[in-house]
Trainee: 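Just dropping this structure here.
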Amino acid sequence: MLQLFNTLTRRVEPFQPIHPPQVRMYVCGMTVYDHCHLGHGRMLVNFDVLYRWLQASGYTVTYVRNITDIDDKIIDRAAQQGEPIEQLTGRMIAAMHQDLAQLAVLPPTHEPRATEHVAGMLALIATLEAKNLAYQGLNGDVYYSVRDFPGYGKLSGKTLEDLRAGERVARDAFKRDPLDFVLWKSAKPGEPQWPSPWGPGRPGWHIECSAMSECFLGEHFDIHGGGHDLQFPHHENEIAQSEGAHGHAFVNVWMHNGFLRVNDEKMSKSLGNFFTLRDIFQRFHPEVVRFFLLRGHYRSPLNYTDGHLEDARQGLNTLYTALRDLKEAASEGGEDDVWSCAAGQAFKAALDDDLNTPEAVAVLFGLAHEAHRGTRVARRHLVRLAAVLGLLQHDPSVWFEDGAGLIVDRADGDRDRIEALIAQRQAARDTRDFATADQIRQALLAEGIVLEDKAGTTQWRRA
RNA sequence: CGCCAGAUGGCAGAGUGACGAUGCGACGGUCUGCAAAACCGUUCAACGCCGGUUUGACUCCGGCUCUGGCGUCCA
């Protein structure tokens, strides 16, 4: 049975959907003012694995991942670039979809945009105001009154006193309490705005997720996820909004993934130490990146360096080598149930244990070794299990000829040239002219191409 | 200052109250014309520090040190 770590209880607990076999999950997605970086990729891949694993476990999953397409940073960026907001967000959304497709991240069931749900947000704010949980300040902004919501702080494990003690809370003369947060921002000249009972303006950041999750998943659903930095204040505020408005539980399981780090610092746009996915994809195959991310547990910090990506690439190549070398064995043997074999059970146990992907990956290596030692079904099981993680779905021969996980420059006709050299070398070998044969091997090796002689033929791959 | 998380072998990274995950790298062997891949073996291997509980602790408890995150936009 699946067990998940719940931020709300700080424990790993059995996962029990509210309405099995349905599972409803919501994940906070991207704010689209820039390209996705590797940290975003980690979050998106982690929840993609959860999505896949829930489905593989027999659940019918409704997965909602929102897009924030209106906020300060978007407005600033658009202004800075002299670009209309919708053009900027449209561009970034298209880019994100490309990046995610490359990473083999499945599209969610719904991918709502904040700007399409302003009506729902206004309805929610009205409810909060009617319940005296929201008030309008003299500046026209509508605030959430934190002190009037009893459970405030339960997700982040903080009390209002703890929070007030922090000196980093900005003073705002229009708030009743420094911790109150904005639900509706009154319109400023030149900014996008929508009409509302409180005057024209635009939504605060947190309200969109309360409105959109309710729209697609209802007032009470199973799983809500996001990056660890969203735990406070974003998710805490979502709870305040949704539970405040509806008077009952909002989300059963809260999940937060750990950060990707660079030089032991969080990778973030603010720190400017980020690598965009597309930058990395210039050098490494996206599957290497996915594999790298899955080798660590989603809640642990993961440190990025080029060297670690290279390690991951070598490991992935070990798996692809098993697929390539044992290609013919694949079609042999009848159908059987992967989940009943030892590897399948171990794999399932690993993912059921709070998505222990490193352990699951270890099972994959075990299968690769078994396959090499002659276990007939091992290769098929390897492919089947890896698919659950979104791995090993490329043709192994193409994988190795394309670059074996690296992005390499290839000239047109490269392949023909290589094949021709291999033929030449073979001719030399036939006359036992090993000096010439080795010379050709060395020449190809110098450009990163490794020749492997086996069973009377020679195959090649990129190193 | 408050709250939270973490400290594992050359590197990455799981896990467990007693039995040496896994990967990468390195070394030796088998195989090969030579290689590569694979297989076999080695790396005499590690659990931040100090106490405690226990027959037994890397694992549980307490303290300490250090690191990171959150408390402000952030996946």
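Here is how names work: the chains are called A, B, and so on, in the same order as the sequence lines, proteins then strands, and each is numbered from 1.
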Trainee: Mind checking the P distance from B:rG15 to B:rU8? Whole angstroms is fine.
Mentor: 14 Å

Trainee: Which part of the nucleic acid does A:L302 contact within heavy-atom distance under 4.0 Å: base, sugar-phosphate only, or nothing?
Mentor: sugar-phosphate

Trainee: State whether A:H369 places a side-chain N or O below 4.0 Å from either non-bridging phosphate oxygen (OP1 or OP2) of B:rC39.
Mentor: yes

Trainee: Is a donor-acceptor pair below 3.5 Å formed from side chain A:K73 to base B:rC74, judging by atom type as modelled?
Mentor: no

Trainee: How long is the line joining CG of A:L155 and P of B:rC3, in whole Å?
Mentor: 17 Å

Trainee: Tell me whether the side-chain N/O atoms of A:S300 come closer than 4.0 Å to OP1 or OP2 in B:rA5.
Mentor: no

Trainee: Quick one: is B:rA75 close enough that its OP1 or OP2 comes under 4.0 Å of any side-chain N or O from A:N46?
Mentor: no

Trainee: Between B:rG33 and A:R429, counting only base atoms on the nucleotide and side-chain atoms on the residue, is there a donor-acceptor pair under 3.5 Å?
Mentor: yes

Trainee: Between A:N237 and A:Y152, is any side-chain donor less than 3.5 angstrom from a side-chain acceptor?
Mentor: yes

Trainee: Starting from C1' on B:rG6, measure out to CG on A:N303 and report it in whole angstrom.
Mentor: 13 Å

Trainee: Name the orientation class of the two ring planes belonging to A:F400 and A:Y320 (parallel below 30°, tilted from 30 to 60°, perpendicular beyond 60°).
Mentor: perpendicular

Trainee: Could you tell me whether the phosphate oxygens of B:rA36, OP1 or OP2, come under 4.0 Å of any side-chain nitrogen or oxygen in A:W460?
Mentor: no

Trainee: Using whole Å, what does the distance between atom C1' of nucleotide B:rC73 and atom CZ of A:F181 come to?
Mentor: 16 Å

Trainee: Looking at A:E401 and A:R461, does any basic side-chain N land under 4.0 Å from a carboxylate oxygen?
Mentor: no

Trainee: Using the P atom in both, what is the distance from B:rC58 to B:rA46, to the nearest Å?
Mentor: 11 Å

Trainee: What integer distance in Å separates A:L382:CG from B:rG23:P?
Mentor: 13 Å

Trainee: So, is A:R295 near the phosphate of B:rC24, with a side-chain N or O under 4.0 Å from OP1 or OP2?
Mentor: no

Trainee: Report the relative orientation of the aromatic rings in A:H285 and A:H394; use parallel for angles under 30°, tilted for 30 to 60°, perpendicular for over 60°.
Mentor: perpendicular

Trainee: Students often mix this up, so state it plainly: with edges at 30° and 60°, are the rings of A:H228 and A:F259 parallel, tilted or perpendicular?
Mentor: perpendicular

Trainee: Nearest whole angstrom, please: distance from the P of B:rC73 to the CG of A:D229.
Mentor: 11 Å

Trainee: On a plain distance test, is the side chain of A:R425 in donor-acceptor contact with the base of B:rG33 below 3.5 Å?
Mentor: yes

Trainee: Using atom C1' in both nucleotides, what's the gap between B:rU67 and B:rC60 to the nearest angstrom?
Mentor: 24 Å

Trainee: Can you check the distance between B:rG48 and B:rU30, where both ends of the measurement are the C1' atom (answer in whole Å)?
Mentor: 42 Å

Trainee: When you check the phosphate oxygens OP1 and OP2 of B:rA75, does a side-chain N or O of A:H40 lie under 4.0 Å from one of them?
Mentor: yes

Trainee: Between A:F181 and A:H206, what is the ring plane arrangement, given parallel below 30°, perpendicular above 60°, and tilted in between?
Mentor: perpendicular

Trainee: What's the CZ-P distance between A:R313 and B:rA12, to the nearest Å?
Mentor: 20 Å

Trainee: Go through B:rC70, B:rC24, B:rA35 for me and flag the one nearest to the A:T318 side chain.
Mentor: B:rC24

Trainee: Is there a donor and acceptor pair closer than 3.5 Å between the side chain of A:K158 and the base of B:rC70?
Mentor: yes

Trainee: Are the charged groups of A:K73 and A:D76 less than 4.0 angstrom apart, N to O?
Mentor: no

Trainee: Atom CZ of A:R10 and atom P of B:rC3: how far apart are they, to the nearest Å?
Mentor: 12 Å

Trainee: Is there a side-chain contact between A:K454 and the phosphate of B:rA35, meaning an N or O under 4.0 Å from OP1 or OP2?
Mentor: no

Trainee: Strictly below 4.0 Å: does A:T31 bring a side-chain N or O up to OP1 or OP2 of B:rA75?
Mentor: yes

Trainee: Please report the distance separating the C1' of B:rC27 from the corresponding atom of B:rU16, rounded so that it comes out in whole Å.
Mentor: 30 Å

Trainee: Would you indicate what A:S268 reaches in the nucleic acid, counting non-hydrogen atoms under 4.0 angstrom: base, sugar-phosphate, or nothing?
Mentor: base

Trainee: Given Watson-Crick or G-U pairs with both distances under 3.5 Å, what dot-bracket string fits RNA chain B, with | for other-strand pairs and [ ] for crossing?
Mentor: (((((((..(((.....[...)))((((((.......))))))....(((((..]....))))))))))))....

Trainee: Passes side chain to side chain contact (heavy atoms under 4.5 Å, CB included), A:V23 versus A:F15? Steps please.
Mentor: CA-CA 10 Å; A:V23 171; A:F15 174 65; 3.8 Å; yes

Trainee: When the distance from NZ of A:K269 to P of B:rC73 is rounded to whole Å, what number comes out?
Mentor: 16 Å

Trainee: On the side chain of A:D71, is there an atom forming a donor-acceptor pair with the base of B:rC73 - under 3.5 Å, no angle test?
Mentor: no

Trainee: Please state whether the rings of A:W53 and A:F347 are parallel, tilted or perpendicular, taking 30° and 60° as the class boundaries.
Mentor: perpendicular

